[in-house]
Amino acid sequence: MASPVTTIQNVGAYVGQTVQIHGWLYNKRSSGKIQFLQVRDGTGLIQCVAVKSEVGEEIFERCNSLTQESSLTVEGIVREDARAQGGYEVTLVGVEAVGPSQDYPITLKEHGVDFLLDHRHLWIRTPRQRAILKVRAEVMRAVSDYLDSHDFTRVDPPVLTPSSCEGTTELFETQYFDESAYLTQSGQMYAEAAAMALGKVYSFGPVFRAEKSKTRRHLIEFWMVEPEMAFAEHEENMQVQESLVTHIVQHVLTHCEDELKALGRDVSKLANVKAPFPRITYDKAIEWLKSHGHEIEWGEDFGAPHESALAEEYDRPLIIERYPTSVKAFYMQPDPNRPEVVLCDDMIAPEGYGEIIGGSERIHDYKLLAERFETHNLPTDTYAWYLDLRKYGSVPHAGFGLGLERTIAWICGLEHVREAIPFPRLLYRLYP
RNA sequence: UCCUCGAUAGCUCAGCGGUAGAGCAUCCGGCUGUUAACCGGAGGGUCGUAGGUUCGAAUCCUACUCGGGGAGCCA
């Protein structure tokens with residue numbers, strides 16, 4: 001084989017020429033004297049046609065012996081063909097087996113979730129999972145592109161931390177030589193420190209929640225982008241959120257057309273996603289819920305059904321702002337005119353995907369934050385550094401966290417966030 | 001933690017008191033344009049585990065194990 005090597009996505013540049021493609025056998029159909037080999041290489045899927053009378057007995061038999069997911073190099077002439085799904089087909093002239101594949105577990109038929117998750121290392125080879133992982137990569141690129149070009153500096157917080165950042169959720173405990181350490185559940189507090197050093201920053205990495213949550217919106221380990229801005233207040237915070245989410249969705253629409261199509265996503269629903277997003281206050285949300293038959297009183301936090309009901313009223317993400325101080329985190333800045341609410345907001349994705357962003361202006365006054373530490377019974381020794389930020393040149397600042405997998409699940413129209421991450425960590429599932 | 005549903009061939013499932021079944025996958029045979037190809041044949045089972053009811057249990061009951069979905073909590 002001396003012909004040039006190409007990938008399936010670039011095969012159109014070689015029409016009429018003989019090329020080599022390295023890949024895996026996705027599927028094979030045979031009809032006695034003609035065989036159709038569907039080859040995938042990570043960039044796409046293409047059908048190679050082997051006709052017995054043309055390739056000869058030996059090569060035809062070699063094709064015949066290839067099994068699902070065996071790796072191979074095919075050589076053939078690229079043709080345009082209206083019958084082919086990608087528009088191109090390869091007339092096979094040669095094939096070399098690279099690695100065999102015996103009794104490949106994942107067939108082209110339907111499988112159950114349990115089985116697929118046990119075989120996640122192989123499941124990701126299927127076209128649908130490939131498309132999702134491609135979208136994931138583009139979402140991450142869009143996040144970086146947007147923030148980097150808006151003067152944010154990426155700063156990576158530690159994964160091992162001395163204790164909880166928010167004090168509420170369950171943490172994974174581990175040994176740190178002679179003391180206990182915990183896997184981070186948020187990089188926010190470190191991002192606040194970094195914002196005082198660099199102005200506008202963001203952290204982007206995995207976070208861990210040891211909650212026994214078993215829903216389609218939950219992962220034990222997930223990725224979060226957490227921008228934090230010095231000298232920014234509540235209004236600007238919400239504007240950055242809208243602008244970032246708009247950029248992510250529009251970027252994916254233009255760069256992942258094929259992938260969204262492969263996923264069967266109704267892109268007309270995504271096309272609407274442009275800032276400004278609808279905004280309502282917590283007060284108004286409560287009013288609306290009560291007038292629509294929900295049993296909820298001012299002062300209670302929303303449950304998932306409440307969020308879904310509210311989000312269903314809009315064709316783009318909904319921002320709900322100014323929640324009661326009592327239901328939100330200790331570090332959130334109270335509304336100066338109404339201390340019973342805080343300057344925070346949640347962004348709820350459409351189509352039932354739930355909360356994708358939670359953000360707030362942070363308390364920047366030393367005395368107020370110190371008071372909150374007391375009322376929330378937080379250990380001032382482990383958080384002395386966090387209070388220090390208010391002691392040395394404190395400024396108003398705000399930030400938010402965007403859940404990557406929920407965002408991907410929404411954009412891709414997935415049933416469950418577990419497909420939005422290569423190897424999901426779920427409740428009681430640590431394999432593979 | 002609670003509620004709810006489920007576990008039968010490698011996979012997806014049917015069978016719901018009376019001899020363990022189908023499709024796909026695998027193997028063999030047929031087919032020169034297949035699109036989850038199709039057609040014929042073969043092999044393949046401690047019916048999640050442990051008890052109980054019954055002449056008889058995959059089927060009914062109890063407990064346990066594992067898993068799905070949801071609630072709470074969260075992104």
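Quick note on labels: first sequence line is chain A, next is B, and so on, each numbered from 1. The figures here come from the full heavy-atom set of this structure, side chains too, leaving out hydrogens, waters and symmetry mates.
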message: Using a 4.0 Å heavy-atom cut-off, does E355(A) contact any base of the nucleic acid, only the sugar-phosphate backbone, or nothing at all?
response: sugar-phosphate
field: Separation of the C1' atoms in G17(B) and U59(B), to the nearest angstrom
entry: 6 Å
query: In whole angstroms, how far is the P atom of A36(B) from the CD atom of Q85(A)?
result: 7 Å
message: Categorize D301(A) for me: base, sugar-phosphate, or nothing, with a 4.0 angstrom heavy-atom threshold over every strand shown.
response: sugar-phosphate
message: In whole Å, measure the gap between the P atoms of G15(B) and U8(B) for me.
response: 14 Å
message: Without decimals, in angstroms, what is the distance between R128(A) CZ and A36(B) C1'?
response: 15 Å
- prompt: What interatomic distance, in whole Å, is found between C1' of G43(B) and the corresponding atom of G10(B)?
  reply: 13 Å
task: Have a look at H416(A) and say if it touches a base, only the backbone sugar-phosphate, or nothing, with a 4.0 Å heavy-atom cut-off.
output: sugar-phosphate
- line: The Watson-Crick or G-U wobble partner of C27(B), with both key distances under 3.5 Å, is G41(B)
query: For C39(B), does either OP1 or OP2 sit under 4.0 Å from a side-chain N or O belonging to R29(A)?
result: no
query: Does the ring of F222(A) meet both stacking tests against the six-membered base ring of A75(B): centre distance under 5.5 Å and plane angle under 30°?
result: yes
message: Using the C1' atom as the point on both nucleotides, what is the distance between U65(B) and A25(B), in whole Å?
response: 29 Å
message: Assess the residue pair F204(A) and V155(A) against the criterion (side-chain contact (heavy atoms from CB on, under 4.5 Å)); give the C-alpha distance rounded to whole Å, side-chain angles, the decisive distance to 0.1 Å, and a yes or no.
response: CA-CA 8 Å; F204(A) 196 0; V155(A) 175; over 6 Å; no
Who pairs with G56(B) - Watson-Crick or G-U, where each distance is under 3.5 Å: none
- prompt: Are the ring centres of F172(A) and Y182(A) closer than 6.0 Å?
  reply: no
- prompt: Taking NZ, NE, NH1 and NH2 as the nitrogens, is one of them in D283(A) or R338(A) under 4.0 Å from a carboxylate oxygen of the other?
  reply: yes
- request: Taking atom P in both A9(B) and C28(B), compute the distance separating them and give it to the nearest angstrom.
  value: 25 Å
field: With R322(A), the side chain to side chain donor-acceptor pair (under 3.5 Å) member among T281(A), D345(A), D335(A)
entry: D335(A)
query: What integer distance in Å separates L427(A):CG from U1(B):P?
result: 10 Å
Under 4.0 angstrom between H218(A) side-chain N/O and G72(B) OP1 or OP2: no
G17(B) pairs with, by Watson-Crick or G-U criteria that keep both distances under 3.5 Å: none
message: Consider side chain to side chain contact (heavy atoms under 4.5 Å, CB included). Of E242(A), M347(A), E355(A), which one does P317(A) pass it with?
response: M347(A)
- prompt: Please give, in whole Å, the distance from G67(B) C1' to D118(A) CG?
  reply: 10 Å
statement: The Watson-Crick or G-U wobble partner of C2(B), with both key distances under 3.5 Å, is G70(B)
- prompt: Quick one: is R217(A) getting a side-chain N or O under 4.0 Å of the G72(B) phosphate, OP1 or OP2?
  reply: no
- prompt: Rounding to a whole Å, what distance do you find between Y323(A):OH and C74(B):P?
  reply: 11 Å
query: What interatomic distance, in whole Å, is found between C1' of U53(B) and the corresponding atom of A57(B)?
result: 10 Å
task: For L404(A), answer base if it contacts any base atom (sugar-phosphate contacts may also be present), sugar-phosphate if it contacts only those atoms, and nothing otherwise; contact means non-hydrogen atoms under 4.0 Å.
output: nothing
task: Return yes if a side-chain donor-acceptor contact under 3.5 Å exists between S186(A) and E226(A), otherwise no.
output: yes
message: If I take atom NZ in residue K212(A) and atom C1' in nucleotide G69(B), what distance separates them, rounded to the nearest angstrom?
response: 18 Å
query: Checking R136(A) against W223(A): charged group under 6.0 Å from the ring centre and within 45 degrees of the axis?
result: yes
- request: Indicate, with a heavy-atom threshold strictly under 4.0 Å, whether G354(A) touches base, sugar-phosphate, or nothing.
  value: nothing
- request: Map P305(A) and V417(A) onto RNA chain B by nearest heavy atom, then report which one ends up closer to the 5' terminus.
  value: P305(A)
message: If the test is side chain to side chain contact (heavy atoms under 4.5 Å, CB included), which one of M196(A), M229(A), E361(A) qualifies with H397(A)?
response: M196(A)
message: Would the distance check show the side chain of K28(A) and the main-chain N or O of N64(A) forming a donor-acceptor pair, the cut-off being under 3.5 Å?
response: yes
query: Are E170(A) and R209(A) ion-paired here, with the side-chain N under 4.0 Å from a carboxylate O?
result: no
task: Give a yes or no on whether a donor-acceptor pair under 3.5 Å exists between the nucleobase atoms of C73(B), that is its base, and the side chain of S213(A).
output: yes
- prompt: To the side chain of L219(A), which of G68(B), A71(B), A75(B) is closest?
  reply: A75(B)
- prompt: With both distances kept under 3.5 Å, what pairs with U62(B), Watson-Crick or G-U wobble?
  reply: A50(B)
query: Who does A22(B) pair with, Watson-Crick or G-U, both distances under 3.5 Å?
result: U12(B)
task: Write down the distance separating the P atoms in C5(B) and C47(B), rounded off to the nearest Å.
output: 25 Å
task: If A36(B) has a Watson-Crick or G-U wobble mate with both distances under 3.5 Å, name it; if not, just say none.
output: none
Length of the line joining D114(A):CG and A7(B):C1', which is rounded to integer Å: 10 Å
- prompt: If you check the E211(A) side chain, which of A36(B), C11(B), C73(B) turns out closest?
  reply: C73(B)
task: Could you tell me whether the side chain of H111(A) has a donor or acceptor atom within less than 3.5 Å of a complementary atom in the base of C11(B)?
output: no
task: For U62(B) and A7(B), measure between their P atoms and round to the nearest Å.
output: 16 Å
- prompt: With the sugar-phosphate defined as primed atoms, P, OP1 and OP2, and the base as all remaining atoms, what B/S/- string results for nucleotides 25-33 of chain B, 5' to 3', for protein heavy atoms under 4.0 Å?
  reply: SS----BBB
Spacing between D345(A) atom CG and A75(B) atom P, to the nearest angstrom: 12 Å
